[in-house]
**Student:** 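My questions all concern the structure below.
Small disclaimer: the values here were computed from a predicted structure and weren't measured. Whatever order the structure lists ligands and atoms in, that order sets their numbers, starting from 1. Quick note: numbers below take in every heavy atom, side chains included, and nothing from hydrogens, waters or symmetry partners.
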Amino acid sequence: MARMYYDADANLDLLAKKTIAIVGYGSQGHAHALNLKDSGMNVVVGLYPGSKSAAKATEAGLTVHPVDQAAAAADFIMILLPDEVQKIVYKEQIEPNLTAGKVLAFAHGFNIHFGQVVPPADVDVVMVAPKGPGHLVRRTYEQGEGVPSLFAIYQDASGQARDRAMAYAKGIGGTRAGILETTFREETETDLFGEQVVLCGGLSALIKAGFETLVAAGYQPELAYFECLHEVKLIVDLVVEGGLAKMRDSISNTAEYGDLTRGPRIVTDQTRAEMRKILSEIQSGQFAREFVLENQSGKPGFTSMRRQEAEHPIEEVGKDLRAMFSWLKKQA
Ligand code: NAD
Ligand code: MG
């Protein structure tokens, strides 16, 4: 079993007299900044001039600076920008202010692992990556809990990189739930694989294919929506609470027999071969190159795919049905 580290393993004092810059105030940024502030740390938020988030951060009692000034003022710089803009912001605003002895931190390894950001040798480079979206990182912290997180060291110039990363993880509440050590390579490759094959790509393709099959066979789209999309949450909650066993205990014997005999016909040897291919595209940098070039060219494919997906019938049926759910909830 890999070792988990908790509150007692991390020392917040290591960051107590330091200034922490949180660059970006989106999903992760707002949660890290507010949690660290509530943990007693000295936090500044780095945003581009004119950012809509600046007012929100100021109202929350945080100090906001342009990114370059935040980076200059800070000892510990956490980059929480969208992965595709990190390279340019790093090059123009952060690198000129990244003097010896500072810590450069990330919540995902993409830009370091694929060589988009190349830091100088005299700074620590670490990762603290909560395994959950930012609103959960914030909400659990306010409840006295935390979101389990990964941490990793890419470069240890100070000899303290690991302790500093663990202290940061404590400051955002991660060590309340437990933190696990990894490498930039392992985090980046498994994170991309998980979101492409299972969590986002695999799941949305499975939901759509099931829905389309029922509708094409003449069943009502509303029923197809309930069966193939809505009920996913009920099943996933059981799986997360108690593994596949708990889910199978809760469903009918009919459903369990169908699961065991039919599931393997949906994820076949061909599917597994494709999973290995997707993994090798991640490992070789092919996926990273495609994503970087797509963004550099102004996202033509991304934009078109987003539009097509928004027009899918499952989204239209879903919008109408969910509007009725909230109407029913208000009546209750
Ligand atoms: P986000 O899109 O929610 O927020 C990004 C922030 O950056 C916003 O405040 C945006 O206004 C700002 N921004 C955008 N362009 C900018 C620019 N040019 N200059 C300055 N600011 C700019 O991003 P996020 O989802 O919080 O992701 C941040 C990092 O955290 C990424 O590395 C991501 O991989 C990682 N991460 C995200 C999650 C998640 O669930 N969202 C989980 C773990 C790790
Ligand atoms: Mg991810």
**Student:** Could you tell me whether the side chains of Tyr154 and Arg185 share a donor-acceptor contact shorter than 3.5 Å?
**Tutor:**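 There is no such pair (donor and acceptor under 3.5 Å, judged by atom type) between the side chains of Tyr154 and Arg185.
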**Student:** Taking only heavy atoms of Gly26, which atoms of ligand 1 are found under 4.0 Å from at least one of them?
**Tutor:**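 This gives 3 (O), 4 (O), 6 (C), 8 (C), 9 (O) as the contact atoms.
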**Student:** List in chain and number order the residues that pass ring-ring contact (aromatic ring centres under 6.0 Å, His included) with Tyr25, two or more places apart in sequence or in another chain; answer none if no residue qualifies.
**Tutor:**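 Applying ring-ring contact (aromatic ring centres under 6.0 Å, His included) to Tyr25 gives none.
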**Student:** Going by the closest heavy atom to atom 32 (O) of ligand 1, which one wins out of Val89, Asp83, Leu150?
**Tutor:**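 Nearest option to atom 32 (O) of ligand 1, by heavy atoms: Asp83.
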**Student:** Where on Gln86 is there a heavy atom closer than 4.0 Å to ligand 1, on the side chain, on the backbone, on both, or on neither?
**Tutor:**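 The part of Gln86 near ligand 1 is the side chain, not the backbone.
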**Student:** Please identify which atoms of ligand 1 are closer than 4.0 Å to at least one heavy atom of His108.
**Tutor:**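 Taking each heavy atom of His108 in turn, ligand 1 has 32 (O), 34 (O) under 4.0 Å.
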**Student:** Output all residues satisfying side-chain hydrogen bond (donor to acceptor under 3.5 Å, both in side chains) with Glu84, sequence neighbours left out; order by chain, then residue number.
**Tutor:**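 Glu84 satisfies side-chain hydrogen bond (donor to acceptor under 3.5 Å, both in side chains) with no other residue.
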**Student:** Which of the numbered atoms in ligand 1 are under 4.0 angstrom from any heavy atom belonging to Val85?
**Tutor:**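 Answer, ordered by atom number: 15 (N).
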**Student:** Quick check: closest heavy atoms across Arg176 and Tyr141, and the distance to 0.1 Å?
**Tutor:**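 Result for this residue pair: NH1-O, 3.0 Å.
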**Student:** Would you say Phe211 and Glu227 make side-chain contact, with heavy atoms under 4.5 Å?
**Tutor:**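 With C-beta onward as the side chain, the pair stays apart.
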**Student:** Should the pair Phe291 and Phe287 be assigned to parallel (<30°), tilted (30 to 60°) or perpendicular (>60°) ring geometry?
**Tutor:**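 Correct class here is parallel.
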**Student:** When you measure from atom 24 (P) of ligand 1 to each heavy atom in Pro66, Ala57, Ser27, which option holds the nearest one?
**Tutor:**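 The nearest heavy atom belongs to Ser27.
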**Student:** Using heavy atoms and a threshold below 4.0 Å, how should the contact between Ser53 and ligand 1 be classified: side chain, backbone, both, or neither?
**Tutor:**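 Side chain only; the backbone of Ser53 stays clear of ligand 1.
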**Student:** Closer than 4.0 Å to some heavy atom of Tyr25 - which atoms of ligand 1 meet that?
**Tutor:**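 With Tyr25 as reference, the close atoms of ligand 1 come out as 6 (C), 9 (O).
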**Student:** Short list, please: which atoms of ligand 1 are under 4.0 Å from a heavy atom of Pro133?
**Tutor:**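 Matching atoms, with element in brackets: 40 (O).
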**Student:** Can you check which of Ala54, Pro82, Gly29, Ala107 brings a heavy atom nearest to atom 5 (C) of ligand 1?
**Tutor:**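 Of the listed residues, Pro82 has the closest heavy atom.
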**Student:** Indicate, as side chain, backbone, both or neither, the part of Ala129 found under 4.0 angstrom from ligand 1 when only non-hydrogen atoms are considered.
**Tutor:**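 The answer is neither.
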**Student:** With a 6.0 Å cut-off (strictly less than), is the heavy-atom count around OH of Tyr6, excluding the residue itself, greater than 12?
**Tutor:**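 More than 12 heavy atoms, drawn from other residues, nucleotides or ligands, come within 6.0 Å of this atom.
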**Student:** Sub-3.5 Å donor-acceptor pair from the side chain of Lys277 to the main-chain atoms of Arg272, do we have one?
**Tutor:**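 Absent.
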